[in-house]
Amino acid sequence: MRIREIHVTPVAFRDPPLLNAAGVHEPWALRTIVEVVTDEGLSGLGETYGDLDHLVRVRAAAEALIGHDVYGGNAMYATVAGLVGADVVTDLHGLTGTSSRAKTVDRIFSPFEVACLDIQGKAAGRPVVDLLGGRVRDAVPYSAYLFYKWAGHPGAPDDGFGAALDPEGVVEQARLLIGRYGFRSIKLKGGVFPPEQEVEAVRALREAFPEHPLRLDPNAVWSVETSIRVGRELDGVLEYLEDPTEGIEGMARVAAEVPMPLATNMCVVTPEHIPPAVRQGAIGVLLTDHHYWGGLVRSAHIATLCETFGIELSMHSNSHLGISLAAMTHLAAATPSVTHACDTHTPWQDGQDVVAPGALRFVDGAVPVPDGPGLGVELDRDALAIMNEQYEKCGVRSRDDTTYMRSVDPSFSARRPRW
């Protein structure tokens, strides 16, 4: 079964002003939707980043993959690698760690692999989870992903989530998300305020939700010394501390001195990072992300490798739509070593999506594996057209949290370490 055509559609959807170490989310988030169509009439879906440098290369890969067998993942990967050559795509926000050629190949290949697995599942009449070895869980737990945020974008009305700029606001946000979705664990995106203020927010969350595991992620803006101090202060409070400081060596120094595991989606982002991380004892939890680990099959291989070395797994999230949520859910449902609830930005999209409603839902904080063959989701073509029109009109072509923040606060600095 060969690829006859591939449709690549950039989309934009509204995003709240979520604060982070790099700045603040712009009013529009970008994604790229990939639809692979075969010579037998079956089609499959993939989703990836929307930044222009990445989009250009995804479009080039789509042309190069015409005629490939949808079961030939290795051949498709080699084609993408040859197309990328020595190119390196770099994110402006820097929140997913260092960029490299290998990471560039993996992130370009990923949406095509997911789409082909969607097709394979449809051809076999089986869900993608079965292609990955079969389910070890029927529903995948996700965490309440909390952000410091403004009440609304500058010059725009307040959004439906409200402000969260102090411990009280953070706790109220948690009550909103947990009440709406039933989440049973909580993650706070930190690196926004001085560590003492974020420790206060974590303690407020612990008091309000004594049974919920808690995580804190300052996106590597703390020094080693600050990371050690905060880690010790939060002994017995955190499930894990995510990316407190920069780099494998820095993380290893912190890991040796704090009582909880360290997690990352920044210092270990390609297979070449795993040996030094293991050697130095830098991390206890890896947040995988099929969008830049090369798709679902390659992510499953990484999961097995991590299990060998005693590294536990969760799953990283960026602003995403339902195709990505479906792919994440199939992968996590088939991966025994995903023992921590996964991250998702889905609540922040507030119902905006390109997949038809009904296939994806939250039940007690978890997403049941979709019932249908393949990914189990269908494209809402009207919604896709609307989001594509929004992309054409919004004027945003690359995510740039820092520049947007500086338009509001010219003194803002994204330096690391900041504290």
Check: Tell me, which pairs form a side chain to side chain donor-acceptor pair (under 3.5 Å) where one or both residues lie in residues 350-377, sequence neighbours left out?
Finding: none
Check: Is it true that a side-chain atom of T335 and a backbone atom of S337 form a donor plus acceptor pair closer than 3.5 Å?
Finding: no
Item checked: Expected output: side-chain D243 to main-chain N265 donor-acceptor under 3.5 Å -> yes
Checklist line | Heavy-atom side-chain proximity of D39 to M1 below 4.5 angstrom | finding: yes
Next item on the list: Take L214 and E239, measure what side chain to side chain contact (heavy atoms under 4.5 Å, CB included) needs, and give me the verdict at the end.
Entry: CA-CA 5 Å; L214 302 178; E239 175 187 14; 5.9 Å; no
Notebook entry, point to check: Do any N or O atoms from the side chain of K122 and from the backbone of G44 form a donor-acceptor pair under 3.5 angstrom?
Noted result: no
Notebook entry, point to check: If you count the non-hydrogen atoms of other residues, nucleotides and ligands that lie under 6.0 Å from CD in E378, is the total more than 12?
Noted result: no
Notebook entry, point to check: Taking atom CZ of R184 as the centre, does the number of heavy atoms from other residues, nucleotides or ligands within less than 6.0 Å exceed 12?
Noted result: no
Note to self: Distance check, rounded to the nearest 0.5 Å: I108 atom CD1 versus E113 atom CD?
What the structure shows: 14.5 Å
Notebook entry, point to check: Considering all heavy atoms of both residues, which atom of M328 and which atom of D343 are nearest to each other, and what is their separation?
Noted result: CE-O, 3.3 Å
Check: Does the ring centre of F183 sit less than 6.0 Å away from the ring centre of F362?
Finding: yes
Check: Does any non-hydrogen side-chain atom of I323 lie less than 4.5 Å from one of R31?
Finding: no
Next item on the list: Compare all side-chain heavy atoms of N219 with those of K189 and state whether any distance is below 4.5 angstrom.
Entry: yes
Notebook entry, point to check: Is it true that atom CZ of R14 has more than 12 heavy atoms of other residues, nucleotides or ligands lying nearer than 6.0 Å?
Noted result: no
Item checked: R175 side chain to I178 backbone, donor-acceptor under 3.5 Å -> no
Notebook entry, point to check: For the residue pair V70 and T38, what are the closest heavy atoms and their distance?
Noted result: CG1-CG2, 3.8 Å
Next item on the list: Taking the six-membered ring for Trp and the full ring for Phe, Tyr or His, determine whether the centres of F147 and H345 are under 6.0 Å apart.
Entry: yes
Item checked: Candidates H25, H93, H153 - the one meeting ring-ring contact (aromatic ring centres under 6.0 Å, His included) with Y404 -> H153
Item checked: D401: side-chain hydrogen bond (donor to acceptor under 3.5 Å, both in side chains) partners, not counting sequence neighbours -> N20, R399
Note to self: Tell me whether the count of non-hydrogen atoms from other residues, nucleotides or ligands lying under 6.0 Å of CD in E5 goes above 12.
What the structure shows: yes
Next item on the list: List the steps, then state whether side chain to side chain contact (heavy atoms under 4.5 Å, CB included) holds for I186 with L146.
Entry: CA-CA 7 Å; I186 298 172; L146 309 184; 3.5 Å; yes
Margin query: Working to the nearest 0.5 angstrom, can you tell me the gap between L205 CG and H212 NE2?
Written below: 10.0 Å
Note to self: For a quick check under 3.5 Å, do T48 and H54 share a side-chain donor-acceptor pair by atom type?
What the structure shows: yes
Margin query: Are T226 and P417 packed together at the side-chain level, in the sense that at least one heavy-atom pair is separated by less than 4.5 angstrom?
Written below: no
Item checked: Name of the residue among S324, S110, S317, S299 meeting side-chain hydrogen bond (donor to acceptor under 3.5 Å, both in side chains) with H291 -> S324
Notebook entry, point to check: For atom CZ of R253, is the number of surrounding heavy atoms from other residues, nucleotides or ligands below 6.0 Å larger than 12?
Noted result: no
Item checked: Expected output: side-chain R57 to main-chain L83 donor-acceptor under 3.5 Å -> no
Note to self: Using modelled atom types and a 3.5 Å cut-off, is there a donor and acceptor pairing between side-chain atoms of E47 and backbone atoms of L321?
What the structure shows: yes
Next item on the list: For residues W293 and L287, report the shortest heavy-atom separation together with the two atoms involved.
Entry: NE1-O, 4.5 Å
Margin query: Side chains of L55 and V8, heavy atoms from C-beta outward: is any pair under 4.5 Å?
Written below: yes
Item checked: Point-to-point distance, once rounded to the nearest 0.5 Å, from NE2 of H340 to OH of Y240 -> 6.5 Å
Note to self: On a heavy-atom basis, which atom in K149 and which in P16 lie closest, and how many Å separate them?
What the structure shows: CE-CB, 3.9 Å
Item checked: Min side-chain heavy-atom separation E242-S314 under 4.5 Å -> no
Item checked: Distance in Å, I228 CD1 paired with E233 CD, rounded so as to fall on 0.5 Å steps -> 12.5 Å
Next item on the list: Return yes when atom CD of E63 has more than 12 non-hydrogen atoms of other residues, nucleotides or ligands closer than 6.0 Å, and no otherwise.
Entry: no
Note to self: Looking at T288 and M315, would you say the former's side chain and the latter's main chain have a donor-acceptor pair under 3.5 Å?
What the structure shows: no
Next item on the list: Go through V89 and Y49 one step at a time and tell me if the side chain to side chain contact (heavy atoms under 4.5 Å, CB included) criterion holds.
Entry: CA-CA 11 Å; V89 174; Y49 310 100; over 6 Å; no
Note to self: Please check: side-chain N/O of N388 versus main-chain N/O of T9, any donor-acceptor pairing under 3.5 Å?
What the structure shows: no
Item checked: Stepwise salt bridge (Lys or Arg N to Asp or Glu O under 4.0 Å) check, R232 with E257 -> CA-CA 8 Å; R232 289 173 174 172; E257 301 291 340; 2.9 Å; yes
Note to self: In this structure, is the centre-to-centre distance between the rings of W348 and F161 below 6.0 Å?
What the structure shows: yes
Notebook entry, point to check: Considering all heavy atoms of both residues, which atom of D51 and which atom of S398 are nearest to each other, and what is their separation?
Noted result: OD1-CA, 3.6 Å
Next item on the list: Show your working on side chain to side chain contact (heavy atoms under 4.5 Å, CB included) between I6 and F112 and close with a plain yes or no.
Entry: CA-CA 9 Å; I6 301 177; F112 301 104; 3.9 Å; yes
Notebook entry, point to check: How many angstroms lie between CH2 in W28 and CZ in R397, if you round to the nearest 0.5 Å?
Noted result: 11.5 Å
Notebook entry, point to check: Tell me, do Q349 and D15 make a side-chain contact under 4.5 Å, heavy atoms counted?
Noted result: yes
Note to self: Would T96 and N318 count as a side chain to side chain donor-acceptor pair (under 3.5 Å) here? Give the steps.
What the structure shows: CA-CA 9 Å; T96 57; N318 205 328; over 6 Å; no
Checklist line | Gap between atom CZ of F412 and atom OG1 of T403 - 0.5 Å precision | finding: 10.5 Å
Check: What's the shortest heavy-atom distance between T329 and P370, and which atoms?
Finding: CG2-CD, 4.4 Å
Next item on the list: Step by step, work out the side chain to side chain donor-acceptor pair (under 3.5 Å) result for T344 and H320.
Entry: CA-CA 8 Å; T344 180; H320 64 83; 2.9 Å; yes
Next item on the list: Determine whether V396 and L30 make a side-chain contact, defined as any pair of heavy atoms from C-beta on separated by less than 4.5 Å.
Entry: yes
